[in-house]
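Here the structure is laid out as structure tokens; the discussion comes afterwards.
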Amino acid sequence: MTTFAKATAGLLLVTTAGCASSGNTTSTPGDPFEGFNRTMYGFNDELDKAVLEPVAKGYRAVTNKPIRKGVRNFLGNLREPVTFVNNVLQGDLVSAGDTTGRFLINSTVGLVGILDVANNFESLEGPREDFGQTLGVWGVEGGPYLVLPFLGSTNPRDLLGTGADIAFDPLTWTEFEGDDAFMVGRAVVGAISAREGAIETIDNLRSTQADPYTAVRRIYGQTRAAAIRNGEEDPSAYENLPDFDEEYEEY
């Protein structure tokens, strides 16, 4: 399989559907390319409505929850080697050990990951990591917000991280009979599965937000920041709060 083909398949794995955009195109702090980004959001949204959304709803209609969960588990299990590499790069050897254990259990007892058996062991629970998160842990700033065709929301740090994760994935370099078909199928099924899981979220966003573009930009930033912190409290959350002790002394 060519490197280009595998890289293309890898990018499809992180495809996200765009949402409708409206409003002015004046750039805002952190979004200097807002005009371009809104155009790409519009493109992604129309593509989603025409192709991905109908396919995702059709997929939901012909499957049940256990089947869809098994597909998500299988795809998630394939990502565990990438999480392991990022655990190590972040210096989190405990989580690296948990990831290894989770992968081995689910790949064997869990029938190549279809059953998330490791989820029954609290000690093996842990978030999946990517190189964008690793760079964030290292102190690398995300940079300006970007919306790219097919890929959706990202930033320079996370875009670089996506490329690195493709390189970290053993399946990118493993050659076997039918590897082309497997990688493309993995990418397509992953995109459909992810879109199916977001049906209600995106429908709600489109129906309740006057400017979905702004909402998704905010959600993306908050979600990525939380992923980098791994659940730890945001150290800047209380930076701008008034000094209540001093105010109280004034009375």
Side-chain angles (χ1 to χ4, degrees), residues 7-8 10-21 23-45 48 76 79 82-92 95-96 99 126-169 172 190-191 194-195 197-198 201-202 205 209 211-241:
T8 301
L11 284 172
L12 278 171
L13 289 173
V14 292
T15 296
T16 56
C19 300
S21 61
N24 64 65
T25 57
T26 303
S27 64
T28 56
D31 190 4
F33 309 114
E34 186 169 348
F36 169 82
N37 288 339
R38 285 182 179 274
T39 299
M40 291 301 100
Y41 242 87
F43 170 80
N44 286 341
D45 183 60
D48 176 70
R79 287 274 304 172
V82 175
T83 293
F84 170 79
V85 172
N86 283 290
N87 287 149
V88 173
L89 291 175
Q90 292 175 26
D92 190 350
S95 291
T99 299
R128 292 193 170 92
E129 302 288 339
D130 57 61
F131 194 63
Q133 291 168 250
T134 297
L135 290 173
V137 170
W138 291 351
V140 177
E141 296 294 331
Y145 179 66
L146 296 171
V147 181
L148 300 181
F150 308 108
L151 185 62
S153 297
T154 188
N155 58 47
R157 180 193 63 205
D158 291 346
L159 188 60
L160 174 62
T162 297
D165 288 334
I166 292 172
F168 292 157
D169 189 341
T172 300
R195 183 59 179 89
T201 300
I202 293 178
L205 192 71
Q209 296 295 319
D211 184 10
Y213 169 84
T214 300
V216 172
R217 180 181 61 196
R218 180 180 66 253
I219 293 168
Y220 176 78
Q222 293 173 345
T223 301
R224 292 301 291 167
I228 291 169
R229 294 196 304 272
N230 282 335
E232 295 182 6
E233 188 176 90
D234 184 356
S236 64
Y238 306 103
E239 282 184 355
N240 298 318
L241 291 179

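Remark: E129 CD to T99 OG1 distance equals 8.0 Å, nearest 0.5 Å. Atom OH of Y213 is separated from atom CE of M40 by 11.5 Å, given to the nearest 0.5 angstrom. Here the straight-line distance linking atom CZ of F43 with atom CG of L148 works out to 11.5 Å at 0.5 Å rounding. Of the inter-residue distances, the one linking N155 atom CG with R217 atom CZ reads 13.0 Å to the nearest 0.5 angstrom.
Applying the side chain to side chain contact (heavy atoms under 4.5 Å, CB included) rule to Q209 yields the partners L205, P212, A215; only residues at least two apart in sequence or on another chain are considered. With sequence neighbours excluded, no residue forms a ring-ring contact (aromatic ring centres under 6.0 Å, His included) with F36. Judged as a salt bridge (Lys or Arg N to Asp or Glu O under 4.0 Å), and not counting sequence neighbours, the contacts of R128 are E80. For the ring-ring contact (aromatic ring centres under 6.0 Å, His included) test, no residue two or more places apart in sequence or in another chain qualifies with F84.
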Per-pair distances, 0.1 Å, donor-acceptor, side chain in residues 135-147, under 3.5 Å, sequence neighbours excluded:
unit_1 : atom_1 : unit_2 : atom_2 : d
W138   : NE1    : L89    : O      : 3.1
Y145   : OH     : S153   : OG     : 2.7

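For T172 (side chain) and I166 (main-chain N/O), a donor-acceptor pair under 3.5 Å exists by modelled atom type. When atom types are taken as modelled, the side chain of N44 and the backbone of L151 share no donor-acceptor pair closer than 3.5 angstrom. With hydrogens and angles ignored, the 3.5 Å screen pairs a side-chain donor or acceptor of Q133 with a backbone N or O of D130.
Within the 4.5 Å cutoff, no side-chain heavy atoms of F131 are placed close to those of T162. Side-chain contact between D169 and R79: absent, with no pair of heavy atoms (C-beta onward) separated by less than 4.5 Å. At least one side-chain heavy atom of Y41 sits less than 4.5 Å from a side-chain heavy atom of V216.
Contacts classified as salt bridge (Lys or Arg N to Asp or Glu O under 4.0 Å) and involving residues 154-163 (residues at least two apart or in different chains) are given here: D158-R224.
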TODO: Under the salt bridge (Lys or Arg N to Asp or Glu O under 4.0 Å) rule, what do R38 and D211 come out as? Steps first, then yes or no, please.
DONE: CA-CA 11 Å; R38 285 182 179 274; D211 184 10; 2.9 Å; yes
TODO: Apply side-chain hydrogen bond (donor to acceptor under 3.5 Å, both in side chains) to N86 and D165, showing your working.
DONE: CA-CA 9 Å; N86 283 290; D165 288 334; 3.3 Å; yes
